[in-house]
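Have a look at the structure below, then the notes.
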Amino acid sequence: MIYYTPDITAKKPRWREVFDDATAFKSLFPKDTPTSDGDAGSWVQVSPDDRFLFHVVVSGGYTSPGERETGMLYVLDLRRLLAAGDRTRCSIDSPAEVTAGGAEPDCPSLIGAVPIRDVTSGGAHWGSLDNFALGRDGFYHETAQIRRVVTSNYFVAFTGVDGNHQICVSQVSPSGKPSLDTGFVDENTHAPCVEFNRDKWPHGDHGQPGRTEWCSRSPTPICAEQPVGEAAPIRVEQLK
């Protein structure tokens, strides 16, 4: 679920739910829709231009009639919500809004979602945005346009909540719609997403996908690093 307050510096900020994960699940699975109860919402980030919100959800929820183990990446359009300023009216406060989105005009709208299927005890927990473009000077520069998102399907194995250890990339259109990058494939399975259950990892013989970096393909890679804890990094090279 996404909660929002227009002014975090207020002495008594008012938090309200402005979007429920069940709405995104409903768009993916109109029948036997996951309930999203205890779905373990994880990584969330807003695009540099404040247009889009990206959110990763670990699973469908404990009591889901179907796709219980399936998580997702979804994208919201935030422009109407932010434009409302202190006059925010959006609030998910009725059963119908849980799966249909907020009824108020300033509620964020769902742009799209990508399912992340995983039958392990965990699911996708982390993500990283690619908003870098190669300039005429030969260097990569940060832009406001999100082109791709990488998701890391791993949590913390020793807690009993793991993941299938796959790294997936989703393309993001100029309008913010995400879609699985079917060109980012494992060299052994030839299927989308790279499998990290292997003896040899890109960064060495040991490690776990606990954080991600976007790196330029060059003799001296330049990385946009988004660390989490002390886990070994994964580097997703620029493919184009």
Side-chain angles (χ1 to χ4, degrees), residues 1-29 33-62 64 70-116 123-131 142-152 155 170 172-178 212 226-228:
M1 293 71 174
I2 302 298
Y3 284 82
Y4 173 76
T5 182
D7 186 2
I8 191 62
T9 66
K11 291 183 179 180
K12 295 182 178 180
R14 180 188 173 189
W15 293 93
R16 64 185 82 195
E17 184 184 356
V18 296
F19 188 83
D20 198 288
D21 298 343
T23 301
F25 273 127
K26 186 75 172 179
S27 73
L28 292 173
F29 310 108
T33 304
T35 59
S36 78
D37 58 323
D39 63 5
S42 52
W43 172 76
V44 59
Q45 187 169 343
V46 176
S47 60
D49 58 5
D50 292 334
R51 293 176 63 196
F52 309 126
L53 180 144
F54 297 82
H55 187 35
V56 166
V57 177
V58 174
S59 65
Y62 300 125
S64 297
T70 299
M72 63 180 164
L73 162 72
Y74 68 75
V75 185
L76 301 180
D77 187 331
L78 294 178
R79 287 175 289 183
R80 292 182 300 183
L81 180 67
L82 299 183
D86 293 335
R87 299 180 300 278
T88 303
R89 295 173 54 200
C90 181
S91 180
I92 306 299
D93 49 19
S94 72
E97 291 178 299
V98 172
T99 55
E104 294 79 11
D106 59 334
C107 285
S109 58
L110 176 67
I111 298 175
V114 175
I116 303 175
H125 176 67
W126 193 249
S128 181
L129 304 178
D130 176 19
N131 63 319
E142 188 172 9
T143 71
Q145 175 66 48
I146 304 299
R147 299 191 303 119
R148 293 177 294 184
V149 179
V150 60
T151 54
S152 171
F155 186 61
S170 291
V172 181
S173 73
S175 64
K177 189 173 182 63
T212 55
Q226 297 183 350
V228 137

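Note that these values count all heavy atoms, side chains included, but never hydrogens, waters or copies made by symmetry. Numbering starts at 1 and runs along the sequence shown. All values derive from a computational prediction rather than experimental measurement.
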Problem set entry | Beyond-backbone contact of Leu81 with Cys90, side-chain heavy atoms, under 4.5 angstrom | yes
Heavy-atom nearest pair, Tyr62 first then Gly38, reads CE1-CA, 3.6 Å
Nearest heavy-atom approach of Gly127 to Trp43 is O-NE1, 3.3 Å
d(Glu104 CD, Ile92 CD1) to nearest 0.5 Å is 7.0 Å
So OG of Ser36 and CG of Asp20: to nearest 0.5 Å the spacing works out to 4.5 Å
Closest non-hydrogen atoms of Phe25 and Gly60, given as atom of the first, atom of the second and distance, are CZ-CA, 3.6 Å
Donor-acceptor pair, Thr99 side chain versus Thr23 backbone, under 3.5 Å? no
Interatomic distance, CZ@Arg148 vs OG@Ser128, rounded to 0.5 Å, equals 10.5 Å
What I'd like to find out is whether the side chain of Asp50 reaches to under 4.5 Å of the side chain of Leu78, using heavy atoms alone.
no
CG (Asp39) and OG1 (Thr70) are apart, to the nearest 0.5 Å, by 12.0 Å
Does Leu53 form a side chain to side chain contact (heavy atoms under 4.5 Å, CB included) with Val44? I'd like the steps, not just the answer. CA-CA 7 Å; Leu53 180 144; Val44 59; 3.7 Å; yes
>> Can you confirm whether Pro178 sits close enough to Val149 that some side-chain heavy atom of one is under 4.5 Å from a side-chain heavy atom of the other?
In response: no
Open item on the list: Less than 4.5 Å apart, side chain to side chain, heavy atoms only: is that true for Arg87 and Pro6?
Closed with: no
Only one of Val172, Val75, Leu129, Val46 passes side chain to side chain contact (heavy atoms under 4.5 Å, CB included) with Phe52, and that residue is Val75
Residues Ala124 and Ile116: closest non-hydrogen pair is CB-CD1, 3.8 Å
Correct closest heavy-atom pair for Ser47 and Ile146 would be CB-CG1, 3.9 Å
Rounding to 0.5 Å, atoms CD (Glu97) and CD (Glu17) come to a distance of 9.0 Å
Mind checking whether His55 and Tyr74 have parallel, tilted or perpendicular rings, split at 30° and 60°? perpendicular
OG (Ser173) and CD (Gln145) are apart, to the nearest 0.5 Å, by 8.0 Å
Requested in this report: Would you confirm whether Arg80, through its side chain, and Cys107, through its main-chain N or O, come within 3.5 Å as a donor-acceptor pair?
Outcome: yes
Arg16 and Thr88 have their tightest heavy-atom pair at NH1-O, 3.1 Å
*Evaluate the criterion side chain to side chain contact (heavy atoms under 4.5 Å, CB included) for residue pair Leu110 and Leu76; output intermediate values, then yes/no.*
CA-CA 5 Å; Leu110 176 67; Leu76 301 180; 4.0 Å; yes
Worksheet item: Is the shortest heavy-atom distance from the side chain of Asp21 to the side chain of Met1 under 4.5 Å?
Response: yes
